[in-house]
Number of protein chains: 2
Amino acid sequence: EKLLVTAVTLKKDEARVTVSDIPDRPGIAADLFAALGDVSINVDMIVQSTGKDNLNTISFTVLKNDVLKAEKVVKELLTSWGAGGASVDKNIAIISAVGVGMKSHVGIAARMFKVLAENGINIEMISTSEIKISCVIRDDKSEEALKLIYSIFGLENA
Amino acid sequence: EKLLVTAVTLKKDEARVTVSDIPDRPGIAADLFAALGDVSINVDMIVQSTGKDNLNTISFTVLKNDVLKAEKVVKELLTSWGAGGASVDKNIAIISAVGVGMKSHVGIAARMFKVLAENGINIEMISTSEIKISCVIRDDKSEEALKLIYSIFGLENA
Ligand SMILES: C[C@@H](O)[C@H](N)C(=O)O
Ligand SMILES: C[C@@H](O)[C@H](N)C(=O)O
């Protein structure tokens, strides 16, 4: 069955912000992204897994240039919520496989994750849609990851 | 600034599987999705936030009909890794806002999260790409959520 990956993209200008141990109740995500939007911080990936003990964690990426601004926004919110912590990591890159009709994208995900694993590249965050699988990895692994993923999907390194 | 949401989609046939406290080292995600692919389980959302203390959690969705098969795969992996736990939740729905050129999707995310919050609908998982923002919510809130999100983006309820 043909794996239909049509492009691989690499973003090296993004940084990760994680807001942890925040209340897992309606309004928290809304407050956070409204506050970021209010100061014109744009966000690329947003990832939130299921909460536990009424707490949750939201990780998102912003341009490296917006990290200080984002941290300020997050700190003010944590104070107003009276809960949670924040961490930031600028040394990341986002590598994505883009495909059309990736109905069988579990196969594409498995192959992408496998080639990274075989080369010792840890997958720090994952976010998917039907047409895209995105992974956050260390930025110093980004060029290697790009070449590896191009090669397993038979694409020419642009 | 025009918010370009062109469609709202609701999936009611998906269930959540969470694999928690697994080693945050290369190969884990690859093993998991290769094993699911090997028994032809297709996966819709995959969400993984940043790990802590060398452990991480991966949540993903599969068709409700595939939950038992997915649980079996996951249990075998947890045994082989000697680590981690799993949980499953069939009472979810996935609501998504789809847009073209959502470069300013922080504004779209904020509005979508806000209308859910105002109506007491908790956001359990979040995954985004440039063209789509997907949220996992309780399935008994799904029809209400669909109507609300249609209305804030000025779309007709199909
Ligand atoms: C954690 C956050 O997503 C919360 N569950 C909310 O709905 O806003
Ligand atoms: C947790 C899992 O994603 C792991 N970090 C891996 O690279 O496989």
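Chain A is the first sequence line, chain B the second, and so forth, proteins listed ahead of strands; every chain is numbered from 1. Just so it is clear, the values below take in all heavy atoms, side chains as well, and ignore hydrogens, waters and symmetry mates.
- Looking only at side-chain heavy atoms (C-beta outward), A:Lys69 and A:Asp66 come within less than 4.5 Å of each other.
- Side-chain N or O atoms of A:Thr61 include one that pairs as donor or acceptor with a backbone N or O of A:Met45 at under 3.5 Å.
- Counting heavy-atom pairs closer than 4.5 Å to chain B, the top residue among A:Ser59, A:Ser127, A:Gly37 is A:Ser127.
- By the 4.5 Å heavy-atom criterion applied to side chains, A:Phe113 and B:Asp31 are not counted as neighbours.
- B:Ile123 and A:Met125 fall into different hydrophobic clusters, defined by Ile, Leu, Val, Met, Phe, Trp and Tyr side-chain heavy atoms under 4.5 Å apart, directly or through other members.
- Heavy-atom distances place no part of B:Leu32 under 4.5 Å from chain A, backbone and side chain included.
- Contacts of residues 85-95 of chain A with chain B at a heavy-atom distance below 4.5 Å are absent; not one residue qualifies.
- In the hydrophobic clustering, where aliphatic and aromatic side chains (Ile, Leu, Val, Met, Phe, Trp, Tyr) are joined below 4.5 Å either directly or transitively, B:Leu63 stands alone.
- Side-chain contact between A:Leu55 and A:Ile22: absent, with no pair of heavy atoms (C-beta onward) separated by less than 4.5 Å.
- For A:Asn56, the part sitting under 4.5 Å from any heavy atom of chain B is the side chain, from C-beta outward, and nothing else.
- Comparing B:Gly51, B:Ser49, B:Gly120 by how many heavy-atom pairs each has under 4.5 Å with chain A, the most go to B:Ser49.
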Task: From CA spacing to verdict: side-chain hydrogen bond (donor to acceptor under 3.5 Å, both in side chains), B:Ser96, B:Ser134 - done: CA-CA 4 Å; B:Ser96 304; B:Ser134 294; 2.7 Å; yes
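- In terms of heavy atoms, A:Lys12 sits closest to A:Glu143 at NZ-OE2, 2.6 Å.
- Counting heavy-atom pairs closer than 4.5 Å to chain A, the top residue among B:Ala29, B:Pro26, B:Ala34 is B:Pro26.
- Using a 4.5 Å cut-off between heavy atoms, A:Ile46 contacts chain B through both its backbone and its side chain.
- For the salt bridge (Lys or Arg N to Asp or Glu O under 4.0 Å) with B:Asp44, the qualifying choice from B:Lys132, B:Lys64, B:Arg16, B:Lys11 is B:Lys11, the only one to do so.
- Contacts of A:Ile28 with chain B are absent, with no heavy-atom separation under 4.5 Å from either backbone or side chain.
- Using a 4.5 Å heavy-atom threshold, the side chains of B:Arg138 and B:Ile121 count as separate.
- Highest contact tally toward chain B, considering only A:Val47, A:Asp38, A:Ile58, A:Leu36, is held by A:Val47 [criterion: heavy-atom pairs under 4.5 Å].
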